[in-house]
Amino acid sequence: MACFFRRTIAQQLAKMCGQSEDVFIPLICAVPVSKKRWMGDLRVSVNSLVQNGAVLPHEDLQRNTETLAKQIKQNSVVEDVIAAPGMIYFRLNKLMLAQKVLKQLRSEPDTFGLKSELLTHLHGGRTLVEFSSPNVAKKFHAGHLRSTFIGNFIANLKKAVGKEVIRVNYLGDWGMQFGLLGAGFERFGCQQKLRVQALQHLFEVSRCFCHAVTRLFSLNSPSSVQVYVQVNREAERDDSLRVAAADFFRRLEQKEHQALSLWKQLVEITVEEYKRIYERLGVHFDHFSGESFYHSQTQNVLQDLKSRGLLKTTQKGTAVVDLSDAGDLSSYATLARSDGTSLYITRDIAAALDRHQRFGFDEMIYVTDKSQSGHFQQLFHILSVMGHQWAHRCVHVAFGRVQGMSTRRGDVIFLEDVLDEARSRMLNNMRESRSEQ
Ligand SMILES: NC(=[NH2+])NCCC[C@H](N)C(=O)O
């Protein structure tokens, strides 16, 4: 749509500069919406025109800008042309814009905006987007919610521009936190409660376990945030709890029947809950996988790295990959603990290798908060030194961390609470609004 308006402006510029109008089309950009200042709808940077050889360079950029702007005629499409520092702004005929948008929307509702000339240079290919990826034994925090929305948006966008998209949810269903939950459940768990309110119960179990003393106190605030949970840090440091957790995790890694079947049950119940929530959000995944799935492949990863001479054993007995330029271990990633158990990054390497083999993606996008940027840098670096060229087509889309939210149920945000709260506030606003529309 905007192409009609872009093209109209490009035609004028082309005539003035004796160039093809196609040179100008990609240089005419939409102006970001701003509450503070509205200069126009489309704009072109005179520097970009010079850099692309569309206009001749001039030592005085501002004079160049003003001269060009003056030559552009206003007409029924472009109502105003404004010269700003280094930039020419165009105000469009709003009525015409609305008419054109509505007409196109009516005739092609499903492909609206996708036929833009700006998108014609994009190629097809296969994109794997990994997003949401909550942890089974930990809370589904606001960061996971953000990852869900951003990842879903990216996946939709990629699909709309012609990519084949594979949506993957990579559950955190393995690791030491599972030792904590498993050991906690063996002490405090209740099968009946688990069936009725799985997530709430699992949260309570890990809280009981981690926080030997929990103090609840009410606030006088009229808001919904009435109770805070005071975490007893001493309890977190309690060694006997750690030993029990480590022991449960070891039993899991050794595939001990009782531990494994409890783990399986907890994962299944949690995933069912998550699926219900995703349905409510209108988000779907093509594949649910998880760290547990790749746990068994981590030995192959370590073997592979060893055979390439990339794995070093430290004095502590851990297995590491040197990431430093000087090869002096001033920066490294740990891939195995001294007892041989795998780590988060080891499982991520296995997962990336497997996905590449299975899906043959052209690009892979991971969506998490920025606290994991370092982790993904290390991951891509290791994949690359292993000789996988496609590591350069792996991207981490990071977003800022969400902090300081509390609910009635403690220091944890339950996704359902957030959604319910959002719905009730929205309904309230609508009720209170005087407008009938
Ligand atoms: N391939 C990955 N490491 N993806 C991100 C997983 C996020 C992780 N489960 C977390 O909640 O922190």
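Numbering of ligands and ligand atoms starts at 1, following listing order.
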Checklist outcome for this item: Thr368 heavy atoms within 4.0 Å reach ligand 1 at atoms 5 (C)
Next on the checklist: Just by distance, no angles: are the side chains of Ser132 and Tyr278 close enough, under 3.5 Å, to form a donor-acceptor pair?
Outcome noted: yes
Checklist entry - How are the rings of Phe380 and Tyr366 set to each other: parallel, tilted or perpendicular (split at 30° and 60°)? => result tilted
Checklist entry - Relative to ligand 1, is Phe131 under 4.0 angstrom through side chain, backbone, both or neither, heavy atoms considered? => result neither
Checklist entry - Is the shortest N/O to N/O distance between Tyr366 and ligand 1 below 3.5 Å? => result no
Next on the checklist: For ligand 1, which is the ligand I care about here, please tell me if Asn135 has any N or O atom under 3.5 Å from one of the ligand's N or O atoms.
Outcome noted: yes
Next on the checklist: As an exercise, identify every atom of ligand 1 less than 4.0 angstrom from a heavy atom of Asp348.
Outcome noted: 1 (N), 2 (C), 3 (N)
Checklist outcome for this item: Numbered in order shown, the ligand 1 atoms found under 4.0 Å of a heavy atom of Phe376 are 2 (C), 3 (N), 4 (N)
Next on the checklist: Under 6.0 Å between ring centres: does that hold for Trp263 and Phe248?
Outcome noted: no
Item to check | Check ion pair Arg425-Glu421 (N to O, under 4.0 angstrom) | outcome: yes
Item to check | Residues Arg146 and Asp369 bridged, charged N to O under 4.0 Å | outcome: no
Checklist entry - Does an N or O from His144, backbone or side chain, lie closer than 3.5 Å to an N or O of ligand 1? => result yes
Next on the checklist: Could you tell me if Lys100 sits above the aromatic ring of Phe5, with its cationic atom closer than 6.0 Å to the ring centre and no more than 45 degrees from the axis?
Outcome noted: no
Next on the checklist: Counting the benzene-type ring for Trp, do Phe131 and Phe285 have ring centres under 6.0 Å apart?
Outcome noted: yes
Item to check | atom 4 (N) of ligand 1 - nearest protein heavy atom and its distance | outcome: Glu130 OE2, 2.8 Å
Item to check | Heteroatom proximity flag, Ser133 to ligand 1, N/O under 3.5 Å | outcome: yes
Checklist entry - Just which atoms of ligand 1 are under 4.0 Å from any heavy atom in Tyr344? => result 2 (C), 3 (N), 4 (N), 5 (C), 6 (C), 7 (C), 8 (C)
Next on the checklist: I'd like to know if Lys94 and Asp41 make a salt bridge, using a cut-off of under 4.0 Å between side-chain N and carboxylate O.
Outcome noted: yes
Checklist entry - Any N or O on Gln372 sitting closer than 3.5 Å to an N or O of ligand 1? => result yes
